[in-house]
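Following: one structure in structure tokens, then a few remarks.
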Amino acid sequence: MNKITQDKIYNKAKEWILEAGKTIRTKINDPIEIGAKSNPNDLVTSMDKNTEKYFLEKIKSTFPNHLLLGEEGFGDEVKTLDGIIWIIDPIDGTMNFVQQKRNFTISVAIYNNGIGEIGLIYNVMEDELYYAKRGEGAFKNDVKLPPLNQATVLEESVIGLNHLWLCENKLVDEKIMQDLVKTARGSRTYGSAALEFAFVAEGVLEGYLTMSLSPWDFAAGMILVNEVGGVTTNIDGKPIKLLEKNSVFAGHPDVHERILNDFLAKARK
Ligand code: IPD
Ligand code: CA
Ligand code: CA
């Protein structure tokens, strides 16, 4: 994608994500319809649906050839990586949105033939916009984020992960995950995968890992983390498949290597 096209799409994506976030902030105390999807804790609201429909309408009227892969399913059925695809999570952290009215994001990624061109993650209530354009680095509210090139050790790192992986589960040995948490300086759970990716890019988390995410959870975050020199793989150290569910591990290169070799290699069931 040439720079003119990249900038044109970025400018629209930025305008729409800020506008969508403003609408959510304005309506944050209005009554909302809350439903459940795969299980009683997998929430969806009228706000998730309306936000995705807003992007659908904007994208299709401005860029009729672009495709939309959105969590709530109003977009296209995307089966291949051909063409320009917007991958959108209209609200990442819906449980936080419902219960806390904070710590949720809108995540928007634009891929061209499978290459991540633009990623935006908007922390709505904080009015903090993280974005990256391929080859230009990553930014938070237009301030460039420094590259993750300072040597770092796990013992001085803060790692993002869901507490569930410290309990008995089918995918990883919880004892090894507990060792990981004890070895790191600290661990945090924010409840929005996209926000945790943005924090890795910002260098306030040295790693974020989880066992199952969907494309809309990680598509924008991967672009941000890659632009600051971070590493993003699945928990086996293999490349993430963009259109599938994956385990995900994003981090500072030093910390990523250490956790992969000393913990995850042994933890996988
Ligand atoms: C969820 C959040 C959460 C992660 C879940 C996701 P949603 O997204 O990102 O942090 O642990 O796996 O499904 O449902 O709030 O968009
Ligand atoms: Ca999500
Ligand atoms: Ca969502």
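Heads up: numbering here begins at 1 and tracks the sequence. Since we're looking at a predicted model, the values are computed, not measured.
- Here Ile223 pairs with Ala109, Tyr111, Ala132 under the side chain to side chain contact (heavy atoms under 4.5 Å, CB included) rule; sequence neighbours left out.
- Interatomic distance, CD of Glu57 versus CG of Leu68, reported as 12.0 Å (0.5 Å rounding).
- For the pair Asn226 (side chain) and Met222 (backbone), a donor-acceptor distance under 3.5 Å is present.
- Evaluation of the side chain to side chain contact (heavy atoms under 4.5 Å, CB included) rule for Leu260 yields Phe249, His256, Leu264 as partners, not counting sequence neighbours.
- Side-chain polar atoms of Asp42 and Ser38 form a donor-acceptor pair below 3.5 angstrom.
- The neighbour count for Lys101 NZ, taken as heavy atoms of other residues, nucleotides or ligands under 6.0 Å away, is above 12.
- Panel note: side chain Glu174, backbone Leu166; no donor-acceptor pair is recorded below 3.5 Å.
- A tilted orientation is assigned to the rings of Tyr131 and Tyr10, their planes being inclined by 30° to 60°.
- Annotation: side chain to side chain contact (heavy atoms under 4.5 Å, CB included) contacts of Gln100 (sequence neighbours excluded): Asn96, Arg102, Asn103.
- A side-chain donor-acceptor contact under 3.5 Å links Trp165 and Thr210.
- In summary, the side chains of Asp92 and Ser192 do present a donor paired with an acceptor at a separation below 3.5 Å, with no hydrogens or angles considered.
- Without hydrogens or angle criteria, Thr45 side chain to Met47 main chain gives a donor-acceptor distance under 3.5 Å.
- With hydrogens and angles disregarded, no donor-acceptor distance shorter than 3.5 Å links the side chain of Asn112 to the backbone of Ile115.
- Side-chain contact check for Ser247 and Asn234: no donor-acceptor pair (N or O, by modelled atom type) lies under 3.5 Å.
- Criterion: ILVMFWY side-chain heavy atoms under 4.5 Å apart, direct or through other members. Under it, Leu213 and Tyr190 are part of a common hydrophobic cluster.
- In the hydrophobic cluster analysis, where Ile, Leu, Val, Met, Phe, Trp and Tyr join through side-chain heavy atoms closer than 4.5 angstrom, Leu224 is grouped together with Leu242.
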